[in-house]
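To keep things clear, I will list the structure first and then write my remarks on it.
Just follow the structure's listing: the first ligand is 1, and inside any ligand the first atom is 1.
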Amino acid sequence: MILFKKTKDLHKWLEIQQKEVKPIGFVPTMGALHAGHISLINASNEIGNSTICSIFVNPTQFNDPKDFKKYPITIEKDIYLLEKSGCDVLFLPEEKEIYPDGITGNMHYDLGYLETILEGKYRPGHFQGVCMVVHRLLNIVQPGHLFLGQKDYQQCMVITKLVELIKHEKKIKINICPTLREENGLAMSSRNMRLNNQERTKAAAIYQNLEMIKENFKKGSLDKLSREAKSNLETDGFRVDYVEIADAKNLSFVNEWDGNQKLVALVAAFINEVRLIDNMLLN
Ligand code: PAF
């Protein structure tokens with residue numbers, strides 16, 4: 001694996017690659033890698049891409065400065081995992097490489113409804129920050145394929161919208177890969193590193209409540225189910241931002257199910273200081 005810190009060096013490598021027929025698969029990350037990230041690298045490699053992974057803890061997407069400060073950094077382990085996975089390139093830029101003019105006064109992305117709900121509502125500015133960094137990274141890497149994890153369901157929709165908005169010359173195909181889970185059902189996430197053993201065990205309740213929704217949803221009112229899941233989590237000591245059932249295509253909330261719409265249940269809840277998100281497609 002080759003490690004590039006500078007865009008100009010990555011571009012020299014990309015120029016050589018363009019002469020070969022292999023397309024570029026891109027996996028953007030903030031590091032603290034786990035098996036979920038590696039499954040994205042594998043998905044890219046499996047369809048014959050040269051795979052580039054970026055690690056950049058993006059300051060503009062943290063609405064809470066404490067969360068940014070505490071974001072886990074495990075760069076040596078990350079490099080080891082990427083080497084082992086057969087990743088071709090690690091792009092590891094410094095802040096000034098991505099934001100040469102600083103992090104303020106950037107452009108605004110019109111994300112419409114998507115930005116007003118769920119993560120958009122509870123983390124104001126978060127998706128603008130995600131768009132800022134992903135836009136810049138896509139301009140730098142110019143991939144044919146982009147790999148994202150379903151665990152960040154709303155982020156996948158936001159980035160899909162971003163790709164439509166920025167209309168790259170080169171068409172970017174977005175590949176959404178399934179969420180990987182720990183044995184107890186807890187969705188893999190870099191944030192899990194901040195949980196102690198007891199919290200990690202307890203965190204499985206998020207998955208269990210999503211399963212409960214999946215097992216019990218039926219035509220008609222869905223309100224009771226999401227309220228029950230929220231109340232179960234609160235009884236277990238979580239601070240719950242939301243439990244919602246929504247249309248899987250556009251995330252509009254569904255209170256009455258017509259029996260046809262594709263549904264997704266989404267949860268965000270804190271265990272002590274650590275905020276976890278998860279989701280499950282219901283049908
Ligand atoms: O999902 C993440 O790790 C980040 O939001 C992303 C897409 C790498 C942008 O910083």
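- Here Tyr71 and Phe62 bring their ring centres to under 6.0 angstrom of each other.
- Ranking protein heavy atoms by distance to atom 2 (C) of ligand 1, first place goes to Gln155 NE2, 3.8 Å.
- Close approach of ligand 1 to Val133 (heavy-atom distance below 4.0 Å) involves ligand atoms 9 (C), 10 (O).
- Lys96 and Asp101 are not joined by a salt bridge, as no carboxylate oxygen comes within less than 4.0 angstrom of a charged side-chain nitrogen.
- Below 4.0 Å from some heavy atom of Thr29 lie the following atoms of ligand 1, by number and element: 8 (C).
- Which parts of ligand 1 touch Gln61 is read off a 4.0 Å heavy-atom cut-off, strictly below it: atoms 4 (C), 5 (O), 9 (C), 10 (O).
- At a threshold of 4.0 Å, the pair Asp64-Lys70 does not count as salt-bridged, since none of the basic side-chain nitrogens sits closer than that to a carboxylate oxygen.
- Between Ile52 and Val141 the shortest heavy-atom distance is CD1-CG1, 3.7 Å.
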